[in-house]
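Within every chain, numbering begins at 1; the chains are lettered A, B, ... in the order of the sequence lines, protein sequences first and strands thereafter.
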Amino acid sequence: MTIAAQIKDIAFKALKNLFPEADMQASMITVNQTKPEFTGDYTVVLFPFVKLLRQKPDELGKQLGDYLVANHGDLFTSYAIVSGFLNLTVQDSYWASFLTKEYNNTAFGEKPKNGKKVMVEYSSPNTNKPLHFGHLRNIFLGYAMADVLKANGYDVIKANLINDRGIHICKSMIAWMRYANGATPQSTGIKGDHLVGDYYVKFNDIYKAEIKQLVEGGMAEATAEKEAPIMKEAQDMLRKWEAGDKEVYSLWETMNGWVYEGFNESYKRLGVDFDKMYYESNTYLLGKSLVEEGLSKGVLFKKEDGSVWIDLTADGLDQKLLLRSDGTSVYMTQDLGTAQLKYNDHNGLHQSIYVIADEQNYHMQVLKLILQKLGEPCADGIYHLSYGMVELPSGRMKSREGTVVDADDMMDEMISMSRQQTEEAGKTEGFTQEELDRLYYTIGMGALKFYLLRVDPKKKMIFDPKESIDLHGFTATFIQYAHARICSILRKEGLSLLPDSNTFASFTLTQGITTAEKKLAVSLEQYPAILENAATEYNPSLLCNYCFALAQQFNSFYDEHSISKAENEEKKQLRLMLIVMTAQTMRHAMKLLGIALPEKM
RNA sequence: GGUCCGGUAGCUCAGUUGGAUAGAGCAUCAGCCUUCUAAGCUGAGGGUCAUUGGUUCGAAUCCAAUCCGGAUCACCA
């Protein structure tokens, strides 16, 4: 239990003892960290009890403060009351024993296995174009969320649902057949996903030109959009694909294969992976049996033309189509089936998390609601981890129009920028070329991931490609640098990083600890609570904020105190424990975000 | 039009189970490297927390209304 929670507990019991007849609840107690301008470490807010206990705040504070110091002298040294706030000063020995106990605990903050299975579906790309910057936000979020949940005791399955069929895939295929002259990734040296994406863009160029021509010939635009020859070809191809046409199917397999090779390369570079792949070509017919079931249960209804619907107007939503009048399914139908499939594949899931952009909020809300109405056991576990789109200053990225920031290009750029800045700072000495390449990768990718993870997922973000991502301030680089500094100190002291770090002899505190020392200890003590919050709020950005603040505190501490030349042995050991644990905690948190911290930079 | 999300410093963002004088980073300005890594540290300036009203001892945080921006409401996926 964190110190803040302990204080809340203790203060509640104290008030119960002092005022046995009053009707109080634990939720009335607020415990905050004391503001730096006042003396004290933690603050109990007294106002909520003033009316109930008919006491003036300051008198109440005095009684409570006296009681706490008298009965919990092991925890508190003293208290001060400032206009309704009871500021408690925690014994230095508390921090010392916390450190002694936890500094070499490599699992600090983690929770024991809880036996609950959670699926995190993320990435889920279309196979007609390469990954772009917006996908990166999805990928980093999903990967981080999975690891955060693991650290909180869940059994996590990382899933990727690949959208490998449909009209958009046929568009690339048609354009390739028409214009590629048999070009392959091998013959052109172009990465497979990019090659296919180029023909997707090509399709749209031709399509637009054909529409224009038809409109000039006197056709209405809406009609032209349907009648354009290349579009009809694509639709024809989709029908052939669904009918299992050998030639079409074989081209489809070939081109998807190119894309997968490209994606795998990108995933590897991004440092992410999946435990389970789903393909829409296998799942797109699912869900029909659920519809049948829903009809027989009377949850769904059939219109005169044969189409099947659900009426959600009572829930403040609309009517939603689930089967077309020709009996074919729609997107929602297959999603219903896939939700059920995921659940059954894993013998039940405690939770199924979908990392999907916020433009699908409505869709996901409807999906969950329909499954609930159908009484499906998978329904309640569905959680939509919704995130805001990444936009350019000019608006949304549109791959159809080629106005996207490509993910592979972005990685290249970040790595080359970190190379450039490292060289400019003259920090390349003492590294082999191989070590330098790894360092540039670590810094570049770290900066990229942190940039996309540091913002609250639900907020949309604007990225200006003209402005490069910074390596100063609120960045991964800042945290990596603090870590490298710690490693440097440890190297000089002949100590190595955890888990190999030497254990110290027993430690007894005989001197006071300084403000900078205490601040670090206080922050470290909060890590388990932060890690838990990141999971319950589905928000990895909390870890970014935490790590940055921790690194800031370390940097101030480092500036103020010498570790190797500490005033005496006791101070030296205390500070070594502090920095070992700081490095360990930063590594732990950043690892969950998929960000590595170099030992030298 | 209905529903949902957002609006905090010049810019990018923290802060919302209601707590003290609203915080960081970037940018600007001024300091700090013969001493453990200056990718750092210290300090300064910069705010009508979109607006108005309400609830309360206390509101960026809760409620209501309004304004602005975005998403969504397809026999598309």
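Within 4.0 Å of A:Thr328, counting heavy atoms only, lies no atom of the nucleic acid at all. Across all strands, A:Thr43 comes closer than 4.0 Å to base atoms (heavy-atom distances). Within the nucleic acid shown, A:Ile167 has no heavy atom closer than 4.0 Å to any nucleic acid atom. Within 4.0 Å (heavy atoms only), A:Asn163 reaches sugar-phosphate atoms of the nucleic acid but no base atom. Within the 4.0 angstrom heavy-atom criterion, only backbone atoms of the sugar-phosphate kind lie near A:Val455; the bases stay farther away. Residue contacts shown for A:Ser488 include a base, since a base heavy atom lies under 4.0 Å away. Looking at heavy-atom distances under 4.0 Å, A:Lys565 makes contact with sugar-phosphate atoms alone, never a base. Residue A:Tyr481 is classed as a base contact, given a heavy-atom separation below 4.0 Å to a base. Backbone-only contact: A:Asp456 has heavy atoms under 4.0 Å from sugar-phosphate atoms and none from a base. If you check every strand for non-hydrogen atoms under 4.0 Å, A:Gln552 touches sugar and phosphate atoms only. When heavy atoms are screened at a 4.0 angstrom cut-off, A:Met461 is found touching the sugar-phosphate backbone but no base atom. At a threshold of 4.0 angstrom between heavy atoms, the contacts of A:His384 with the nucleic acid are absent. When heavy atoms are screened at a 4.0 angstrom cut-off, A:Pro57 is found touching no nucleic acid atom at all.
Nucleotides B:rG19 and B:rU66 have their P atoms positioned 28 Å apart, rounded to a whole Å. Of the C1' atoms belonging to B:rC13 and B:rC49, the separation is 14 Å, rounded to the nearest Å. Taking atom C1' on both nucleotides, B:rA27 is separated from B:rC67 by 30 Å, rounded to a whole Å. Separation of the C1' atoms belonging to B:rA39 and B:rU52 is 47 Å when rounded to the nearest angstrom.
Of the charged side-chain nitrogens involved, at least one lies within less than 4.0 Å of a carboxylate oxygen, so that A:Glu493 and A:Lys572 count as a salt-bridged pair. Salt bridge A:Lys458/A:Glu537: absent, no basic N to carboxylate O contact under 4.0 Å.
Within 3.5 Å, a donor on the side chain of A:Asn87 pairs with an acceptor on the base of B:rA20, or the reverse. At a cut-off of 3.5 angstrom, the base of B:rA39 holds no donor-acceptor pair with the side chain of A:Thr475.
B:rC33 adopts a syn glycosidic conformation, its chi angle falling within 90° of 0.
Taking the ring centre of A:Phe557 as origin, the terminal cationic atom of A:Lys519 falls outside the region bounded by 6.0 Å and 45° from the ring axis. Figure legend: A:Lys35 and A:Phe85 shown without cation-pi pairing, the cationic atom not lying both under 6.0 angstrom from the six-membered ring centre and within 45 degrees of its axis.
The aromatic rings of A:Trp241 and A:Trp252 stand perpendicular to each other, their planes meeting at an angle above 60°, with 30° marking the opposite boundary. In this pair, A:Phe474 and A:Phe548 present their aromatic rings tilted. The plane angle is within the 30 to 60° band.
For A:Ile489, the listed nucleotide lying nearest its side chain is B:rC36; candidates were B:rA20, B:rA14, B:rC36. With B:rU37, B:rA77, B:rG19 as the candidates, the nucleotide lying closest to the side chain of A:His168 is B:rA77. Considering only the side chain of A:Lys459, B:rG6 comes nearest among B:rU37, B:rG6, B:rC36. Nearest nucleotide to the side chain of A:Arg454, out of B:rA14, B:rU12, B:rA20: B:rU12.
Ring stacking is absent between A:Phe47 and B:rG58, as the pair misses the limits of under 5.5 Å between centres and under 30 degrees between planes. The aromatic ring of A:Phe85 is not stacked on the base of B:rG19, since the criterion of ring centres less than 5.5 Å apart with planes inclined by under 30° is not met.
The CD atom of A:Gln365 sits 8 Å away from the P atom of B:rC4 (whole-angstrom rounding). Rounded to whole Å, atom P of B:rC68 lies 15 Å from atom NZ of A:Lys460. Per the geometry, CZ belonging to A:Phe548 stands 10 Å off P belonging to B:rA24, to the nearest Å.
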Pairs under 3.5 Å (N/O, protein and nucleotides 71-74 of chain B):
| residue | atom | partner | partner atom | Å |
| --- | --- | --- | --- | --- |
| B:rC73 | O2' | A:Asp318 | OD2 | 2.4 |

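Taking a 6.0 Å sphere around NZ of A:Lys302, one finds it holds 12 or fewer heavy atoms contributed by other residues, nucleotides or ligands.
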